[in-house]
Chemist: 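Mind having a look at this structure? Questions to follow.
Note that these values count all heavy atoms, side chains included, but never hydrogens, waters or copies made by symmetry.
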There are 2 protein chains.
Amino acid sequence: MDGVTLILKKYGLAITESRKQILELFKASEGALAHADIEKKSSANFDRVTIYRTLQTFLEKGIIHSIPTADNSVLYALCKDECAITGHHHDNHVHFVCNQCSVAYCLDNITIPEVKLPEGFEPKEAAVVIKGICKNCR
Amino acid sequence: MDGVTLILKKYGLAITESRKQILELFKASEGALAHADIEKKSSANFDRVTIYRTLQTFLEKGIIHSIPTADNSVLYALCKDECAITGHHHDNHVHFVCNQCSVAYCLDNITIPEVKLPEGFEPKEAAVVIKGICKNCR
DNA sequence: GTAACTGCAAAATATTTGCATCCTT
DNA sequence: AAGGATGCAAATATTTTGCAGTTAC
């Protein structure tokens, strides 16, 4: 039983071909993936709709999380274990998007420093997106 | 000559009704606005397309900036003066999105603390989005 | 066998483009 | 007067929904 199958089992999802392959894509990818990437990279051609629904399911289960970007696009990345505890996903990640190659990295092991908020604002989650040049593009 | 006209002049844009009204909306709004908000709130009904093009123009000039959100939506907020220096926009803002009322605040005067990146990553800009409960919803 | 997942079709939304007309400078 | 901005129509692209057939458990 391979890794992706274990993940699906862990979250109580049926083991299907599309789910396995999409998960494999995430594991193989260094960075985050957009819907379009998955559509392009998957050898078997899944239906667009299946990809939408699979991503939605993964999101709800906390297997992946979405990365906010300033333009329209939504990116998804695999969550590390600590990231989803009994469905309660906390998005306290640092993401890095390369200005050159556009790859989005998910830097799970970087902690977000405390940010001072004005009076009356109560923080729950925080996301940081840093843009710059990645290690492969210098 | 009112404030919004001055802004348009400053950036070398023609003074038109739609641009003035959309700028007014931003000034009147406490938080950030989505395309849909503008469409809804503008008394005169501009064409959808005009709003798209106006926002695009404002973005390019650095009059507004976009706020990344984890879902599909894109939000826009007025830039403060320091925010756009000769077309070079730097997005080092802290944004706060309320989980209750969904209003997005642009906290320009909060500085982003240094984040330690892994070897080889060179930061240029950083955006922080914090979610929680805003001052009006407690 | 049953519940859940997928694919297809189609609807609903969102965004972009071309072009003629109108407005700002 | 000239160039840019707008509105309309239409082309694209994106996302959602319903349903019938298939697959996993």
Chemist: Quick one: A:F58 CZ to C:dC5 P, roughly how many Å, whole number?
Modeler: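 To the nearest whole Å, that distance equals 11 Å.
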Chemist: Could you work out which one of D:dG7, C:dT6, C:dT15 sits closest to the side chain of B:Y52?
Modeler: C:dT15
Chemist: Can you measure from CG (B:L75) to NE2 (B:H95) and round to the nearest 0.5 angstrom?
Modeler: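 That separation rounds to 9.0 Å.
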Chemist: List in chain and number order the residues that pass ring-ring contact (aromatic ring centres under 6.0 Å, His included) with B:F121, two or more places apart in sequence or in another chain; answer none if no residue qualifies.
Modeler: A:F96, A:Y105
Chemist: Would you mind reading off the distance between B:Q21 atom CD and D:dT6 atom C1', rounded to a whole angstrom?
Modeler: 14 Å
Chemist: Counting only side-chain nitrogens and oxygens, does B:R48 get under 4.0 Å of the OP1 or OP2 atom of C:dT15?
Modeler: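 So the side-chain polar atoms of B:R48 never come under 4.0 Å of the phosphate oxygens OP1 or OP2 of C:dT15.
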Chemist: How close or far is atom C1' of C:dC5 from atom NZ of A:K20, stated in whole angstroms?
Modeler: 14 Å
Chemist: What one-letter contact string describes nucleotides 19-25 of chain D from 5' to 3', where B marks a base within less than 4.0 Å of any protein heavy atom, S marks contact via sugar-phosphate atoms alone, and - marks no contact?
Modeler: -----SS
Chemist: Quick check for you: to the nearest 0.5 Å, what is the distance between B:Q21 atom CD and B:I38 atom CD1?
Modeler: 11.5 Å
Chemist: Starting at CG of A:L59 and ending at P of D:dT15, how long is that distance when rounded to a whole Å?
Modeler: 13 Å
Chemist: Roughly how far, to the nearest 0.5 Å, is CG of A:L13 from CZ of A:F58?
Modeler: 6.5 Å
Chemist: When the distance from CG of B:L55 to C1' of C:dT16 is rounded to whole Å, what number comes out?
Modeler: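 B:L55 atom CG is separated from C:dT16 atom C1' by 14 Å.
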Chemist: From C:dG7, D:dT6, C:dT6, pick the nucleotide closest to the side chain of B:S18?
Modeler: D:dT6
Chemist: Tell me whether B:K9 at atom NZ has more than 12 heavy atoms from other residues, nucleotides or ligands lying less than 6.0 Å away.
Modeler: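 Open: at most 12 neighbouring heavy atoms sit under 6.0 Å from NZ of B:K9.
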Chemist: Check whether any side-chain N or O of A:T54 sits under 3.5 Å from a backbone N or O of A:T50 as a donor-acceptor pair, and report yes or no.
Modeler: yes
Chemist: 5'-most contact on DNA chain D: B:V49 or B:R19, nearest heavy atom basis?
Modeler: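 The residue mapped nearer the 5' terminus is B:R19.
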Chemist: When the distance from CG of A:D47 to P of D:dT15 is rounded to whole Å, what number comes out?
Modeler: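 In whole Å, D:dT15 P and A:D47 CG are 14 Å from each other.
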Chemist: Keeping the roles fixed (side chain from A:S29, backbone from A:L25), state whether a donor-acceptor pair exists under 3.5 Å.
Modeler: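 Not a single qualifying donor-acceptor pair exists.
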Chemist: Just the rounded figure in Å: distance from P of C:dA14 to NE2 of A:H35.
Modeler: 17 Å
Chemist: Starting at OH of B:Y11 and ending at P of D:dA5, how long is that distance when rounded to a whole Å?
Modeler: 16 Å
